[in-house]
2 protein chains.
Amino acid sequence: MKEGPDIARIASLIGDPARANILGALMTGKALTATELAGEAGVTVQTASTHLSKLEVGGLTVVRKSGRHKYISLAGPDVAEVLEALMGLAAGAGHMRTRTGPADSVLRDARVCYNHLAGSQGIAMFDAMVARGFLQVNGDVITLTPAGNDFVTGFGVDLAALQRARAPVCRACLDWSARRTHLAGGLGRALLARIEVLGWAKRQSGSRAVRFTTAGRGAFRAQFGIKD
Amino acid sequence: MKEGPDIARIASLIGDPARANILGALMTGKALTATELAGEAGVTVQTASTHLSKLEVGGLTVVRKSGRHKYISLAGPDVAEVLEALMGLAAGAGHMRTRTGPADSVLRDARVCYNHLAGSQGIAMFDAMVARGFLQVNGDVITLTPAGNDFVTGFGVDLAALQRARAPVCRACLDWSARRTHLAGGLGRALLARIEVLGWAKRQSGSRAVRFTTAGRGAFRAQFGIKD
DNA sequence: CCAATGCTTCGGTTACGGTCGAAGTATGAA
DNA sequence: TTCATACTTCGACCGTAACCGAAGCATTGG
């Protein structure tokens with residue numbers, strides 16, 4: 001009818017509860033199988049199958065077949081960002097799914113957002129890296145300074161490998177819980193991976209929540225120079 | 001079922017074609033009446049009425065009653081940003097509503113995005129202002145430098161009035177057509193208003209398209225120092 | 001007070017889409 | 001080859017929600 005892209009098509013894709021659950025589960029960045037996603041969505045595998053094909057032709061997910069398994073993941077970071085933005089609207093309008101369960105405060109503190117760290121800790125890390133001159137921000141474009149280069153390398157990140165990959169090293173991503181920017185992109189993923197390897201924090205299986213250990217939290221804050 | 005905000009609720013709100021048309025029409029930033037929106041959506045006023053009440057309780061729109069008229073507008077810039085982001089996904093997935101009509105190229109060049117200038121021209125204006133040191137960018141936070149202060153005042157913007165208002169003067173907004181940042185916020189609106197007052201460009205009624213006159217385009221580029 | 005306009009509510013129809021059982025295909029293991 | 005697993009397709013059912021005609025309020029103007 002009117003001009004512009006067909007926004008209703010994809011919005012209605014996200015609008016079904018089962019599909020929204022599937023997409024939410026994929027927000028961890030991990031690729032999941034069709035049966036796992038059926039469990040997440042609370043529907044049978046047949047139903048999930050039709051949902052998954054719709055998501056795929058809609059361009060929201062991509063599929064990799066491996067033997068008799070089918071691994072589904074989000075089509076890209078832009079999809080994850082739209083989902084986070086929608087969560088921001090939903091949270092702002094006061095439409096929380098559960099009346100703030102016990103997991104909610106953990107989620108606000110630290111969670112996985114498409115394989116990088118989000119929540120208060122993610123924001124604190126990003127802010128500290130900007131304050132210390134490791135990251136330079138210019139609009140949506142974030143660049144790693146020479147000092148930042150040294151810093152992340154010293155932290156154990158294989159920067160050369162990241163730069164070889166085609167995905168951007170640094171990206172900005174917006175939080176639904178605090179409406180602030182945090183670090184996404186290859187570097188964001190690498191940092192979270194390193195934090196997990198060091199045992200500072202652990203993802204909770206089947207959830208986006210990330211739990212820091214007491215010692216790990218201290219080490220994390222010291223390493224990145226997070227004050228207060 | 002799962003943790004986090006209820007994303008499906010609002011996504012399904014946007015997912016209905018009639019409501020999507022309504023929201024798209026409101027992207028101009030202008031407040032429209034219920035009957036006007038019914039026309040935009042291509043449904044009767046009764047149907048539109050139920051849609052509008054759903055959008056309102058969903059927190060996507062706000063309403064101001066004036067006599068027997070009811071003026072509806074988007075609830076805020078964050079809603080507009082989510083809509084733009086969704087358009088970005090839809091365009092990326094190749095799901096354009098019309099097979100790119102004649103109005104489409106005009107839209108990509110210049111259009112209204114919640115009362116400020118978007119499209120190539122909006123991006124060019126933003127980039128030039130950053131390059132000339134009028135705007136300073138730090139994450140999502142954009143600040144007007146002293147030099148920028150002089151510049152916009154010299155252009156005829158009543159900056160004091162903007163600062164008195166509670167809305168932020170500068171905001172970042174993302175384009176669906178070019179996936180680049182442009183200037184939103186009170187200043188963004190004021191600049192577009194000034195451009196219209198000077199007769200450099202005109203909004204096309206009933207559309208988001210903005211058409212520059214030949215002379216106006218030259219004056220615009222000269223004023224903001226846009227090269228090439 | 002009546003008429004006209006703008007919007008809402010009600011009732012009833014229709015259609016689309018989500019859902020699952022059952023059967024069908026493909027891949028891998030025994 | 002035979003069985004088990006992972007997923008898809010088919011068919012039928014059901015519920016929800018979009019839709020409009022008609023009537024009902026509310027506000028303005030004469």
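Order of the sequence lines fixes the chain letters, A, B, ..., with proteins taken first and strands second; residue numbering starts at 1 for each chain. Keep in mind that this is a model prediction, so the values were computed, not measured.
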Between A/D109 and A/R217, is the salt bridge (Lys or Arg N to Asp or Glu O under 4.0 Å) condition met? List the steps. CA-CA 11 Å; A/D109 181 61; A/R217 183 179 295 261; 2.9 Å; yes

Are B/E36 and B/K30 ion-paired here, with the side-chain N under 4.0 Å from a carboxylate O? no

Value in whole Å for how far the P atom of C/dA22 lies from CD of A/Q46: 10 Å

Rounded interatomic separation in angstrom, taking CZ from A/R68 and P from C/dT27: 11 Å

If you measure from CG on B/L86 to CD1 on A/I7, what distance do you get to the nearest 0.5 Å? 4.5 Å

Which residue lies toward the 5' end of DNA chain C, A/R19 or A/K65, if each is placed at its nearest nucleotide? A/R19

Have a look at A/S53 and say if it touches a base, only the backbone sugar-phosphate, or nothing, with a 4.0 Å heavy-atom cut-off. nothing

Over how many whole Å does the gap from B/E36 atom CD to C/dC7 atom C1' extend? 14 Å

Using atom NE2 of B/H69 as one end and atom P of C/dT8 as the other, report the distance to the nearest whole Å. 13 Å

Give one of base, sugar-phosphate or nothing for A/A18, where a contact means two heavy atoms less than 4.0 Å apart. sugar-phosphate

Identify the 5'-most and 3'-most nucleotides of DNA chain D with at least one atom closer than 4.0 Å to a non-hydrogen atom of chain B. D/dA18 to D/dT28

Round to a whole Å and report the spacing from OH of B/Y71 to P of C/dG6. 10 Å

Describe the nucleic acid contact of A/K54 in one word from base, sugar-phosphate, nothing, applying a heavy-atom distance below 4.0 Å. sugar-phosphate

Atom CZ of A/R9 and atom P of C/dC16: how far apart are they, to the nearest Å? 15 Å

May I ask you to check whether B/R19 and B/H51 show a side-chain donor-acceptor distance below 3.5 Å? yes

Considering only heavy atoms from C-beta outward, does the side chain of A/R211 approach that of A/K202 to under 4.5 Å? no

Quickly work out the A/L55 CG to C/dG17 P distance and round it to whole Å. 15 Å

Does a side-chain N or O from A/H51 land closer than 4.0 Å to OP1 or OP2 of C/dT19, or not? yes

What closest approach, in Å, do B/P17 and A/A8 show between heavy atoms, and which atom pair accounts for it? CA-CB, 3.9 Å

Salt bridge or not between A/E56 and A/R64? Use side-chain N to carboxylate O under 4.0 Å. no

Using the side-chain heavy atoms of A/V43, tell me which of these nucleotides is nearest: C/dC7, C/dG18, C/dC20. C/dC20

